[in-house]
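Notes for the one structure printed next.
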Amino acid sequence: MSTLKAVRGTRDLLPPETALWNRIETTARQVFARYNFGEIRTPIFEDTSLFARSVGEETDIVSKEMYTWEDRARAQSEKPQSLTLRPENTAGVVRAYIEHKLGETGQLQKLFYIGPQFRRERPQKGRYRQFWQIGAEAIGPPSAGSESPLRDAEILEMLATFLDELGIAGWTLELNSVGSAADRARYNDTLRAALVPLAPQMCVDCQRRAVTNPLRVLDCKVPEDQPIIETLPKIGDSLGQESIDHFAAVTAALQAAGVPYHLNPRLVRGLDYYTRTTFEFTHGGLGAQNALLGGGRYDGLSESIGGPKAPGIGFAMGLDRLVLTLQAKEADQSSAPPQGAKADAYIAPLGESLNAPALTLARELRRAGFRIELGDGSFRLKKSFEAADKTARHIVILGEDELQSGILTVKDFASGLQTKVPRAELPSMLAKPMAQ
RNA sequence: GCGGCAGUAGUUCAGUGGCAGAACGCCUGACUGUGGCUCAGGAUGUCGUGGGUUCGAUCCCCACCCGCCGCCCCA
């Protein structure tokens with residue numbers, strides 16, 4: 001019988017790595033809270049048509065990457081239903097916004113989420129079939145200011161602050177406007193027409209894209225094609241005046257706030273619902289998967305799935321990729337491994353008759369907030385020391401003498417000093433700051 | 001989904017068509033209430049899985065699985 005393994009593209013996250021995941025999630029919660037975002041948790045699977053109608057039937061995500069199955073009827077009265085593991089979370093958030101009539105509050109809804117997403121892609125570093133996203137959405141009726149370019153700028157400024165506070169240096173904000181749905185359709189036609197005479201001189205991928213998805217031609221990385229791409233019409237030239245003014249207001253606010261950005265008229269996003277402002281934060285050192293996060297405005301998304309007019313803007317960050325970036329940075333800085341993984345004390349009972357009193361002592365200290373590793377009285381003292389040195393900053397020896405006298409033997413591994421400490425003074429002794 | 005490279009101990013990796021190796025880590029002892037430094041011992045394992053070639057395969061061949069790199073796509 002073959003042994004069972006995590007399936008392709010999925011993986012286990014183990015300590016100590018999970019501490020880094022928690023640090024990132026905690027930082028996100030803290031930063032988002034300062035911008036007054038609240039957490040939303042939506043189901044991990046939804047009706048398949050939600051994604052088909054929002055992300056777009058023709059996108060790669062919907063057409064070939066979703067985990068979809070038919071949930072069979074269990075009773076005469078039930079109908080079978082096609083369900084899909086969510087490949088992204090914006091659609092679920094907007095569905096919840098509509099379902100709970102959050103637009104009726106009249107207020108802008110500012111929601112963030114943290115959770116796994118699923119896409120059946122070929123796995124690679126930074127690309128998994130179950131991957132984690134941290135994202136946020138600001139959505140509401142136009143009367144709540146949901147269309148304001150200030151919302152776009154605020155979100156981008158929040159992301160810059162988040163990455164800075166996480167300690168990710170060297171990111172680039174790539175910014176573009178793809179215009180309204182009408183602007184975008186017009187540009188698509190213009191581009192398609194312009195490509196008819198040019199495509200035959202381009203790479204085979206571009207020849208295909210010129211027909212299937214002209215916007216993707218702009219993303220081509222083949223060097224020989226670059227001069228041709230430079231001559232193609234720019235999306236900026238297809239934007240209506242409203243889109244132009246909106247985008248100008250976004251960039252002006254970013255400049256005022258001192259958030260650096262790089263205009264990239266070729267930035268194209270793969271989900272159909274994006275309108276006007278679109279962006280990516282990229283980082284070198286992630287290989288082919290260089291996008292740390294991406295997002296944009298989606299002014300028509302709510303209507304496209306049967307909801308009220310509810311413009312919005314949001315983003316999704318690849319948590320797996322944030323972890324990779326921070327791990328690479330820590331590997332670079334080498335030197336001191338983080339020492340935060342150690343307990344405050346290891347309690348070493350001397351003999352199995354001391355096990356129960358040791359648990360009592362551990363309970364006292366743990367209830368006082370200390371991180372305690374509890375040894376075993378069957379260990380010889382030498383073995384307790386070895387185990388303690390690996391897992392804790394102090395060892396507390398609990399033998400018959402200590403139990404009778406109430407004076408414990410404590411050794412500080414950093415200094416090598418061993419002292420006798422009355423039980424009542426143990427908490428203050430353990431609380432003393434350690435040399436970091 | 002396409003092309004390429006890899007898979008050997010807990011980890012990082014050597015290696016050979018003929019008994020499976022190193023370093024680190026782990027366990028035991030020198031030392032029955034004192035770790036780190038020593039020293040002496042010990043265990044590492046379906047050599048990714050399944051077939052094939054061969055007297056004999058961890059090694060060569062094929063398929064599959066899984067990972068990595070690029071494409072594609074995206075976070």
Review point. Given B:C74, B:U34, B:C73, which nucleotide is nearest the side-chain atoms of A:Asp60?
Key: B:C73
Practice item. Would you kindly give the CZ-to-P distance between A:Phe51 and B:C73, to the nearest whole Å? Key: 22 Å
Review point. Any donor-acceptor pair under 3.5 Å joining the side chain of A:Arg120 to the base of B:C73?
Key: no
Exercise for review: Can you figure out which of B:C74, B:C73, B:A30 approaches the side chain of A:Arg380 most closely?
Suggested key: B:A30
Practice item. Sticking with atom C1', work out how far B:U8 lies from B:U38, rounded to a whole angstrom. Key: 32 Å
Review point. Can a cation-pi geometry be assigned to A:Arg11 and A:Tyr128, taking NZ or CZ under 6.0 Å from the six-membered ring centre and within 45° of the ring axis?
Key: yes
Review point. Given B:U34, B:C73, B:C68, which nucleotide is nearest the side-chain atoms of A:Arg122?
Key: B:C68
Exercise for review: Looking only at side-chain atoms of A:Arg119, point me to the closest of B:C74, B:C68, B:U34.
Suggested key: B:C74
Point to revise | Positive for side-chain hydrogen bond (donor to acceptor under 3.5 Å, both in side chains) with A:Arg86, one of A:Gln117, A:Glu46, A:Gln133 | key: A:Gln117
Check your understanding: Using 30° and 60° as the class limits, which term best fits the ring planes of A:Phe32 and A:Phe162: parallel, tilted or perpendicular?
Key -> tilted
Check your understanding: Hey, is the side chain of A:Glu402 pairing donor to acceptor with the base of B:G33 inside 3.5 Å?
Key -> yes
Practice item. Please determine if A:Lys382 forms a cation-pi arrangement with A:Phe385, meaning its NZ or CZ atom is less than 6.0 Å from the six-membered ring centre and no more than 45° off the ring axis. Key: no
Practice item. Find the distance between CZ (A:Arg119) and CZ (A:Arg129) and round it off to the nearest 0.5 Å. Key: 13.5 Å
Review point. Under 4.0 Å between a side-chain N or O of A:Lys383 and OP1 or OP2 of B:U28?
Key: yes
Revision key, fill the gap. Closest of B:C31, B:C68, B:G35 to the A:Tyr128 side chain is B:C68
Exercise for review: Can you check whether any acceptor in the base of B:C72 is under 3.5 Å from a donor in the side chain of A:Arg127, or vice versa?
Suggested key: yes
Review point. Considering only B:U34, B:G35, B:A75, which nucleotide approaches the side chain of A:Phe131 most closely?
Key: B:A75
Practice item. Determine the contact category for A:Leu319: base if any of its heavy atoms lies under 4.0 Å from a base atom, sugar-phosphate if only primed atoms, P, OP1 or OP2 are that close, otherwise nothing. Key: nothing
Practice item. Please evaluate the base of B:G67 for a donor-acceptor partner in the side chain of A:Lys125 within a cut-off of under 3.5 Å? Key: no
Check your understanding: Think A:Arg11 has a side-chain N or O under 4.0 angstrom from the OP1 or OP2 of B:G67?
Key -> no
**Study point:** A:Gln124 side chain near B:G70 phosphate (N/O to OP1/OP2, under 4.0 Å)
**Key:** yes
**Study point:** Interatomic distance where NZ belongs to A:Lys382 and P belongs to B:A30 [whole Å]
**Key:** 9 Å
Review point. Rounded to whole angstroms, how far apart are NZ on A:Lys390 and C1' on B:C27?
Key: 10 Å
